[in-house]
Amino acid sequence: MATREDVVRVARTWLRTPFHHQARVRGHGVDCGNLVAEVGAELGLMSSLEPGELRYSRRPNPNQMRAVIAKYLDPVEGREPLPGDVVWMGWQGPGVPMHLGILTLLHGAGILHAYADAGQVVETAVPPNMWVKVHSVWTYRGLAE
């Protein structure tokens with residue numbers, strides 16, 4: 001059974017993969033949604049997304065995105081976010097959520113994500129004031145607690 005440490009370990013194997021909208025091939029290209037999906041699929045926590053299942057423009061439709069997230073992940077309620085959890089955020093501010101990342105350090109201090117502005121998958125610190133951008137936190141189903 002996969003653990004939170006496994007999620008972070010596998011996610012880090014995607015570091016420096018170029019950002020490429022709608023791609024999902026480690027080392028060649030990935031976007032934020034497919035990064036989360038492929039990490040989960042590699043660990044047997046979810047299946048790879050069907051072609052077109054997470055199809056979205058550069059500005060995703062949050063309703064469609066939420067439907068796919070809820071199909072594969074469970075909302076985190078009643079506890080602090082932990083490494084291996086997935087954050088769904090309004091990257092440009094606290095408004096409409098349209099970006100996903102995987103928490104990598106305790107208390108949400110780090111996030112690994114496919115970041116278009118960086119042109120690749122990066123792991124960055126998350127300052128406390130950035131938490132206002134987080135819409136919700138999710139966890140992979142079947143993850144060992």
Side-chain angles (χ1 to χ4, degrees), residues 2 4-26 28-43 45-143 145:
R4 296 183 174 287
E5 292 80 16
D6 293 329
V7 171
V8 172
R9 178 185 48 77
V10 169
R12 285 180 172 148
T13 68
W14 287 80
L15 284 168
R16 292 176 293 289
T17 295
F19 177 88
H20 185 78
H21 181 65
Q22 292 290 285
R24 57 182 179 178
V25 179
R26 185 180 8 242
H28 294 281
V30 71
D31 63 13
C32 70
N34 283 300
L35 173 65
V36 169
E38 291 303 309
V39 168
E42 184 170 335
L43 291 168
L45 297 169
M46 59 183 282
S47 59
S48 280
L49 298 178
E50 295 297 320
E53 186 174 7
L54 192 58
R55 182 143 321 274
Y56 50 86
S57 71
R58 294 285 237 166
R59 294 194 57 83
N61 175 326
N63 292 326
Q64 187 250 357
M65 199 172 189
R66 187 186 196 300
V68 174
I69 292 168
K71 181 177 176 182
Y72 294 103
L73 305 171
D74 290 327
V76 169
E77 298 169 342
R79 69 162 170 80
E80 290 291 315
L82 297 169
D85 284 338
V86 174
V87 291
W88 188 30
M89 63 181 69
W91 192 242
Q92 302 301 317
V96 179
M98 58 180 63
H99 187 67
L100 293 167
I102 297 172
L103 293 177
T104 58
L105 301 173
L106 286 175
H107 309 298
I111 181 175
L112 190 141
H113 56 128
Y115 185 30
D117 287 355
Q120 63 184 331
V121 176
V122 296
E123 184 174 5
T124 57
V126 180
N129 65 344
M130 190 171 170
W131 277 100
V132 300
K133 297 179 180 189
V134 173
H135 175 271
S136 54
V137 180
W138 300 75
T139 194
Y140 291 100
R141 279 190 198 118
L143 190 62
E145 290 297 327

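Each residue takes its place number in the sequence, starting with 1.
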Side-chain contact test, heavy atoms from C-beta onward, threshold under 4.5 Å: evaluate it for Met89 versus Pro97 and give yes or no. no

Quick one: closest heavy-atom pair of Asp31 and Ala114, and the distance? C-CB, 3.5 Å

Using every non-hydrogen atom in the two residues, find where Ile111 and His113 come nearest and quote the distance to one decimal. O-CD2, 3.7 Å

Counting only N and O atoms by type, is there a donor-acceptor contact under 3.5 Å from the side chain of Arg141 to the main-chain atoms of Leu73? yes

Applying side chain to side chain contact (heavy atoms under 4.5 Å, CB included), run through Val86 and Thr139 and close with a yes or a no. CA-CA 6 Å; Val86 174; Thr139 194; over 6 Å; no

Full working for side chain to side chain contact (heavy atoms under 4.5 Å, CB included) between Trp14 and Gln120: CA-CA 9 Å; Trp14 287 80; Gln120 63 184 331; over 6 Å; no

Can you name the closest pair of heavy atoms from Met98 and Trp88 and give their distance? N-NE1, 3.9 Å

Using 4.0 Å as the upper bound for N to carboxylate O, is an ion pair formed by Arg4 and Asp85? yes

Test: Arg26 and Glu38 ion pair at under 4.0 Å: no

Taking Tyr140 for the side chain and Val36 for the main chain, is one N or O donor matched with an acceptor at less than 3.5 Å? yes

So which heavy atom on Asn34 is nearest to which on Ala23, and how close? CB-O, 3.4 Å

Partner of Pro83 under side-chain contact (heavy atoms from CB on, under 4.5 Å), chosen from Thr104, Val8, Leu112: Val8

Ring centroids only, cut at 6.0 angstrom: are His20 and His28 within range, meaning strictly under it? no

Evaluate side chain to side chain contact (heavy atoms under 4.5 Å, CB included) for Met65 paired with Leu100, printing each intermediate quantity in order. CA-CA 10 Å; Met65 199 172 189; Leu100 293 167; 3.8 Å; yes

Please step through side chain to side chain contact (heavy atoms under 4.5 Å, CB included) for the pair Val39 and Ile102, ending with a clear verdict. CA-CA 10 Å; Val39 168; Ile102 297 172; 4.1 Å; yes

If you define the side chain from C-beta out and look only at heavy atoms, does anything of Asp6 sit under 4.5 Å from Leu143? no

How close do Pro81 and Leu103 get, counting heavy atoms only, and between which atoms? CB-CD1, 3.4 Å

